[in-house]
Amino acid sequence: MIYIFLGAPGTGKGTISYLLDKNKNYKHISTGNIFRELIKKNTKLAKEVRGILKKGELIDDQLTFKVLLEDIEKYNLKKDNIILDGYPRNINQAEILFEYFSRYHKDLKILVINFELRNKIIIERLTNRLICPLCGKSYHRLFLDLKPKKEWYCDNDKTKLIQREDDKIKSIKKRLVIYDEQTKPLIEYFSDKKILINLDANDSPTKIYEKVLKICQI
Ligand code: AMP
């Protein structure tokens, strides 16, 4: 089964994916995480991607699909529960994905969960988000259930937490504009295909997790 987690940045897609991966053996594929790993390298491509991420813009569709494919093909799409977190982000990417599924993986079940949240809350969430630069785990300064055990240090590997470059206010605003212009039309696109469920994401991570478990019928 393929679950597509759709929604603006900061709506909790990554956190819920992380929990489903950790607790229920779902396979979390985040194109954002893949790009954050890639930019740690010292290559020309890494430098280019770093610049785009920092500005909060989108990476080109072909490259994004290429990195997604490298990850997705590690799994058994018939048996595994796969979460696509942050892909697709525009209609063209959705069409590339559906064309690939219809060509190589016919009859896959696909469900889109649309995380809904108002911009004011998104901005508050993103400006208070912290991330482990080593393992990628996200934390939050406001949510009790997402605070690290030791302030500013990752629970997994004790690395000092940082703020993501693109969680600075200028990049956040840019990412929200891009979401409105490019990603939001996917709501209607998936709705027309009758595979979309809306989720009110204005709740604590624990509550949202429970709601998603119900949707996924676990
Ligand atoms: P995220 O962690 O999902 O917020 O993604 C962080 C950044 O990675 C985005 O702002 C984009 O620059 C890039 N990125 C992630 N997913 C995609 C995608 N599907 N298409 C293009 N760029 C992406």
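We use all heavy atoms of the structure for the numbers below, so side chains are in, but hydrogens, waters and symmetry mates are not.
In this structure, F5 and F115 have tilted ring planes: the angle between them lies in the 30° to 60° band.
From I59, atom CD1 reaches atom CD of E48 across 9.0 Å, with rounding to the nearest 0.5 Å. With rounding to the nearest 0.5 angstrom, the OG1 atom of T11 is 6.0 Å from the CD1 atom of I122. Atom OG of S17 is separated from atom CG of N33 by 9.0 Å, given to the nearest 0.5 angstrom. Of the inter-residue distances, the one linking K13 atom NZ with N114 atom CG reads 10.0 Å to the nearest 0.5 angstrom. A distance of 7.0 Å separates CG of L196 from CG of L6, quoted to the nearest 0.5 Å. Atom OG of S191 and atom CG of L186 lie 11.5 Å apart (nearest 0.5 Å).
A side-chain contact (heavy atoms from CB on, under 4.5 Å) with Y209 is found for one member of L19, D145, D203, T15 and no other, namely L19. Each of I2, D21, D71 was scored for a side-chain contact (heavy atoms from CB on, under 4.5 Å) with I29, with one residue passing: D71. Remark: of the listed residues V67, T43, I39, I39 is the sole one forming a side-chain contact (heavy atoms from CB on, under 4.5 Å) with V49.
The shortest non-hydrogen separation linking P88 to A94 is CB-N, 3.5 Å. Minimum heavy-atom separation, G56 to R175: O-CG, 3.3 Å. The nearest pair of heavy atoms linking L111 to M1 is CB-CE, 3.5 Å.
For the 3.5 Å distance criterion, the side chains of K158 and N156 fail to qualify, holding no donor opposite an acceptor.
Between the side chain of K211 and the backbone N or O of D200, at least one donor-acceptor pair lies under 3.5 Å.
When the side chains of ILVMFWY residues are joined at heavy-atom separations under 4.5 Å, either directly or via intervening members, L45 and L69 end up in a single hydrophobic cluster. No continuous path of ILVMFWY side-chain contacts below 4.5 Å connects I131 to L126, so the two sit in separate hydrophobic clusters. One hydrophobic cluster, built from ILVMFWY side chains closer than 4.5 Å, holds both Y100 and L63. Cluster annotation: F65 and F190 are assigned to the same hydrophobic cluster (Ile/Leu/Val/Met/Phe/Trp/Tyr, side-chain heavy-atom contacts under 4.5 Å, transitive). Connection of F98 to L77 is established within a shared hydrophobic cluster, with ILVMFWY side chains joined at heavy-atom distances below 4.5 Å, either directly or through further cluster members.
Side chains of I72 and L84 form a contact here, defined as non-hydrogen atoms less than 4.5 Å apart. Contact of the I16 side chain with the I113 side chain is not registered, since no non-hydrogen atoms from C-beta on lie closer than 4.5 Å. No side-chain heavy atom of L53 sits under 4.5 Å from any side-chain heavy atom of E165. Residues R125 and L117 meet the side-chain proximity criterion, which asks for heavy atoms closer than 4.5 Å. Contact of the L20 side chain with the N81 side chain is not registered, since no non-hydrogen atoms from C-beta on lie closer than 4.5 Å. Side-chain contact between P9 and I172 is absent, with no heavy atoms from C-beta onward closer than 4.5 Å. A heavy-atom distance below 4.5 Å is found between the side chains of Y3 and C216. By the 4.5 Å heavy-atom criterion applied to side chains, L161 and P148 are counted as neighbours.
Residue pairs meeting the salt bridge (charged side-chain N to carboxylate O under 4.0 Å, His left out) criterion with at least one member in residues 80-104, sequence neighbours excluded: E99-R103. Each ring pair (Phe, Tyr, Trp, His ring centres under 6.0 Å) pair with one or both residues in residues 116-156, not counting sequence neighbours, appears once here: H140-F143. Sorted by first then second residue, the salt bridge (charged side-chain N to carboxylate O under 4.0 Å, His left out) pairs that include residues 181-192, not counting sequence neighbours, are D180-K184.
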Any chance you could lay out the side-chain contact (heavy atoms from CB on, under 4.5 Å) test for R36 and R164, step after step, and finish with the verdict? CA-CA 10 Å; R36 276 185 290 281; R164 269 169 56 170; 3.1 Å; yes
Walk me through it: do C132 and D157 pass the test side-chain contact (heavy atoms from CB on, under 4.5 Å)? CA-CA 9 Å; C132 171; D157 48 47; 3.4 Å; yes
Test log, rule side-chain contact (heavy atoms from CB on, under 4.5 Å), inputs I34 and L38: CA-CA 6 Å; I34 297 172; L38 190 150; 5.5 Å; no
